[in-house]
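Shown next, in structure tokens, is the structure this report addresses.
In what follows, chains carry the letters A, B, and so on, assigned in the order in which the sequence lines appear, proteins first and then strands, with residues in each chain numbered from 1.
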Amino acid sequence: MKLDALAQVIGARLIGDGALDVTRVRAIDEAGEGDLGFAADPRELRLVSTTKATAVLVPEGFAAEHAHELDCAVLCAEPASRALASAIEALYPQPHKPEGISERAVVDKNAKIGAHVTIGACAVIEKASIGARVKIGALAYVGEDVVIGDESIIGVGAVVLPGARIGARVVVGPGSVIGDEGFVYAPDQSRNVRVRHVAGVVIDDDAEIGANACVDRGALRDTHVGRGTKVDNLAQIGHDVVVGEDAVIVAQVGIAGDARVGDAAVLAGQAGVKERAVIGNGARVGGQAGVIHDIEPGQAVMGTPAIPHLTWLRMMTRLREIDALEKRVRALETRE
Amino acid sequence: MKLDALAQVIGARLIGDGALDVTRVRAIDEAGEGDLGFAADPRELRLVSTTKATAVLVPEGFAAEHAHELDCAVLCAEPASRALASAIEALYPQPHKPEGISERAVVDKNAKIGAHVTIGACAVIEKASIGARVKIGALAYVGEDVVIGDESIIGVGAVVLPGARIGARVVVGPGSVIGDEGFVYAPDQSRNVRVRHVAGVVIDDDAEIGANACVDRGALRDTHVGRGTKVDNLAQIGHDVVVGEDAVIVAQVGIAGDARVGDAAVLAGQAGVKERAVIGNGARVGGQAGVIHDIEPGQAVMGTPAIPHLTWLRMMTRLREIDALEKRVRALETRE
Amino acid sequence: MKLDALAQVIGARLIGDGALDVTRVRAIDEAGEGDLGFAADPRELRLVSTTKATAVLVPEGFAAEHAHELDCAVLCAEPASRALASAIEALYPQPHKPEGISERAVVDKNAKIGAHVTIGACAVIEKASIGARVKIGALAYVGEDVVIGDESIIGVGAVVLPGARIGARVVVGPGSVIGDEGFVYAPDQSRNVRVRHVAGVVIDDDAEIGANACVDRGALRDTHVGRGTKVDNLAQIGHDVVVGEDAVIVAQVGIAGDARVGDAAVLAGQAGVKERAVIGNGARVGGQAGVIHDIEPGQAVMGTPAIPHLTWLRMMTRLREIDALEKRVRALETRE
């Protein structure tokens, strides 16, 4: 694609020869002739001056300062990542090919299947309701009374258990399990008896769940993953949890039962949230942090127990000097 | 169901009109007309006074103090969660419907299948021995020489590898893998060679494993999950690990090879246990704690490395004041 | 097998009666008549003196000091674990039985299948290229344009998505997902839009991936797991990550996008690596550590944020005394 056409399609500013042609996007240090190299992070931007790419896509700020030093053409946009997403759509068009329902899929004769649905081999669909243009991967399971909205994607080997409600344009990643009972037991003498769950699970429109993740159904309240929220691989969302809209839940995060996560909150990798904790809208929980108490809207926290990010940073700096501090105290003790 | 009948069935004390009827159980803030609202945690109990539920199920202590202030009927029991489990059984009777063996399941002709067994579509059963009333989900795998006791449930897409022994009334959650080889390699010059495993894996009666969890088989000793032990989603139980009875292992916990976990021990979410560590009976390991040394029976620990809970709490309190402590030392240094 | 023959086969030194016969290997405290008990860790070695095993396999150092005190025959080698691996191969020969392609597998007619390939029931193989002697478990998925080298093993229920390149003698564990898109979103007003991935994933020769793990494909650069690297259960390897050769990545480790892990690096259980972080060759990251900054080759780190192991140890020792330190400061303040 010619750079001037590409610039227009992705809403980027072009500095350089618009007649140049690119066919691929690649990491900045791997890009070569005919490639559009991408760089946005400081680490990547350091490599732009030595790239062999025909053109680079970088943030506006970087281009303003450095475009004149570069041998290649420059596309710039803010945020660059949004333009990258568009460039990929432009350079790698996806043929919309509904593949139909595999003869080797097992589809209940009372299932309601929308128009142009794709179902892979050995997928098992019980008496569920599947919207239009939905794609269900091979070996996936869709249980009784499940409802799936239009254009959603259920990954290979994913398991959507009975009664789960999946919105439109939702992605459930390969191997993920939606709607299993949560971890709720009642003590009965020295034993634990399972509390059977009577509520369900809702994954709202445009939400996406990664691979091998788990979203449990609710015991007494529907577990809810809000519209547009993204959940990464191997994350655990417990029973009765309510996650707002456009939240970001990174890989291996665990959210215990009855917790709440606000709109646009970000939970970084391996963070944990205690049962019933409430995380406000727009809050940011650092990687591996352990949320024990409620987090105010907009607050950034780190550590276990999670505390405000800046407090944690200062604390960790001081902690690294604790050996010296002890020596200073010793010096004071011996002075006189 | 009339409240007086329900109270009797679940062993709760009734305060209010026994002729009232409830048909569902719901979270206290979602419950309305015809619902039994449930509240046990302080956070939930604060919502009881404004509930729209026809009746509430609460702990004895709360009822003694507050029942007279409430507009709705009150059921109380100790523990309330045990009565909740019973109330759900009473209000949501489960039809026992053995569904039989799907024509689309693949069952080895030499497999031994007990009476009233259910096997879902595309489940693959090798030459295994399956007890009576066992339910095996669609797309699950049961390998050669596996033995499964009566009334156990193997979830959709679960994988039970050859030779695993599963007791009676066991639950293996969807997507879980039981009996894969553990992570044992021997150095061979600069490379690592796999040590093939010659022991097995045993999941004892009434144990339950969540979704997408892993229980490895043993290298030299059977990996053992004891009777009644509950294991949550995405947990990892390594090779040669021995877990006692009625232990509770919450989501994303990792137990490394050769470790031991005592009876009724509780490992909270994302805790980790080092290889060969021994956790005593009734010990409690906090969320995200890292157990490096042995834990005494009954001890509660937190942190990485895990230390006694109270010591950890005091340490964390002091740590949060470390900046102030440094300033106090500086003040001492400059005083004269 | 006679001990003198076994000693020779596994390259161990024999102290005792070579005519004795062993048929099994067992944990040292479980081994009895006819068993070879194994002990290498200090905890196990303490149990050697009371073993009922016919013979024990122990490290050279232990044998030199203690063999004369023992009633049983002694095999010793360095490292003992390497000899253990060989002893298991000798005592438990594995019949090489290619089982062929199940009639119940679903194999695309244009798939290229090598000689002596085994494919289990309900496995789904798209138009892929499968090497000789490869074993594909039941219910596994191999997508279009996947290439799998000779003698690799794809576990039961594993998912290898389109375009993934798998080397020779690779193991992909049960339930693992190779080649799903990573967690890359671009902000678009208040929403997040997925950045479609245009690079692939390569698992090199002799690499092994555990059960229910995830290796994402690359957004702009191939995700790469190097030759001989071992990855344990439930680990997460993000998009565009490059892992070197012979690295060891233990269970539940999470490596965020664009990070690099050097040759022979070891990441212990539940460790986390931030996006773009670089871990040098031979570095060792402790359990639950959180790598935020680059780690030098050969460096051992612990804690979150990860710092050099010895610094961390000293810091944790001092931290445990922080309460006493505060009291010492108070004493200084009141003295005069």
Side-chain angles (χ1 to χ4, degrees), chain A residues 106 122 124 126 139-141 143 157 159 161 175-177 180 183-188 190-199 212-214 216 218-221 234 236 238 240 252 254 256 258 270 272 274-276 288 290 292 304-305 307 311 314-315 318-319 321-322 325 328-329 331-332, chain B residues 24-31 38 41 43-44 79 81-85 88-89 91-92 94 102 104 120-122 137-139 155-157 171 173-175 206 208 210-212 228 230 232-234 246 248 250-252 264 269-270 287-288 303 316 319-320 322-323 325-326 329-330 332-333:
Chain A
V106 180
C122 296
V124 176
E126 311 281 12
L139 296 154
Y141 179 80
V159 173
L161 290 163
S176 283
V177 175
D180 193 29
F183 201 65
V184 188
Y185 294 92
D188 186 15
S190 72
R191 305 207 169 181
N192 296 298
V193 301
R194 179 183 278 267
V195 177
R196 194 140 55 78
H197 286 35
V198 300
N212 281 350
C214 297
D216 288 340
L220 300 179
R221 171 200 318 282
L234 294 162
Q236 153 70 4
D240 302 84
Q252 297 176 319
D258 287 297
Q270 299 184 330
K274 206 181 171 174
E275 57 267 24
R276 295 173 211 285
Q288 298 187 326
I292 292 174
T304 302
I307 57 175
T311 311
R314 199 171 321 120
M315 191 175 93
R318 286 286 180 233
L319 179 57
E321 299 159 355
I322 191 172
L325 186 64
R328 286 161 62 190
V329 172
L332 286 167
Chain B
R24 303 196 314 170
V25 193
R26 258 355 244 187
I28 190 70
D29 55 327
E30 288 198 345
F38 176 77
D41 177 85
R43 268 205 141 121
E44 296 161 350
S81 61
R82 183 67 194 81
L84 170 66
I88 288 170
E89 298 304 324
L91 293 171
Y92 302 80
Q94 277 190 308
S102 164
R104 302 297 288 263
C122 296
L139 296 154
V156 174
V171 176
D206 300 301
E208 302 188 11
N212 281 350
K230 315 299 184 193
D232 200 354
N233 300 346
L234 295 163
D246 293 316
V248 172
V250 180
Q252 296 175 320
Q270 298 183 330
Q288 297 186 329
M316 293 310 286
L319 179 56
R320 238 164 296 159
I322 191 172
D323 206 45
L325 186 64
E326 196 277 340
V329 172
R330 212 182 315 157
L332 286 166
E333 286 167 337

State which residues pass side chain to side chain donor-acceptor pair (under 3.5 Å) with B:Asp206; sequence neighbours excluded, sorted by chain then number.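 Counting only residues at least two positions away or on another chain, B:Asp206 forms a side chain to side chain donor-acceptor pair (under 3.5 Å) with B:Arg169.
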
Taking side chain to side chain donor-acceptor pair (under 3.5 Å) as the definition, give me every residue that meets it alongside B:Gln288, ordered by chain and number, with sequence neighbours left out.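 Side chain to side chain donor-acceptor pair (under 3.5 Å) list for B:Gln288, sorted by chain: A:Thr304, B:Gln270.
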
Using a 4.5 angstrom heavy-atom cutoff, name the option from B:Leu91, B:Val171, B:Ile28, B:Asp29 with the most pairs to chain A.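 If we count pairs closer than 4.5 Å to chain A, B:Asp29 comes out on top.
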
Highest number of heavy-atom pairs under 4.5 Å with chain B: which of [options]?
{"options": "A:Ile292, A:Asp188, A:Asp240, A:Val159", "value": "A:Asp188"}
{"options": "A:Arg196, A:Arg314, A:Arg194", "value": "A:Arg196"}
{"options": "A:Lys274, A:Glu321, A:Arg221", "value": "A:Arg221"}
{"options": "A:Ile307, A:Val193, A:Asp258, A:Val329", "value": "A:Val193"}

Do the side chain of A:Ser176 and the main chain of A:Ala213 share a donor and acceptor less than 3.5 angstrom apart? yes

Examine whether an atom of [X] lies under 4.5 Å from a heavy atom of chain A, and if so say whether it belongs to the side chain, the backbone or both; otherwise answer neither.
{"X": "B:Ala264", "value": "neither"}
{"X": "B:Arg82", "value": "both"}
{"X": "B:Arg320", "value": "both"}
{"X": "B:Leu319", "value": "both"}

Nearest heavy atoms of B:Asp246 and A:Asn192, plus distance in Å: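 Where B:Asp246 meets A:Asn192 most closely, the heavy atoms are O-ND2, 4.0 Å.
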
So how far is it from A:His197 NE2 to A:Asp216 CG, rounded to the nearest 0.5 Å?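 Interatomic distance, A:His197 NE2 to A:Asp216 CG, rounded to 0.5 Å: 6.5 Å.
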
Tell me, for [X] versus chain B, whether the close heavy atoms (under 4.5 Å) come from the side chain, the backbone, both or neither.
{"X": "A:Val198", "answer": "both"}
{"X": "A:Thr311", "answer": "neither"}
{"X": "A:Ala256", "answer": "neither"}

Would you indicate whether the side-chain heavy atoms of A:Tyr141 and A:Glu126 approach each other to under 4.5 Å?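 Yes, at least one pair of side-chain atoms sits under 4.5 Å.
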
Do A:Asp180 and A:Leu161 touch side chain to side chain, with heavy atoms closer than 4.5 Å?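 They are in contact (side-chain heavy atoms under 4.5 Å apart), so the answer is yes.
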
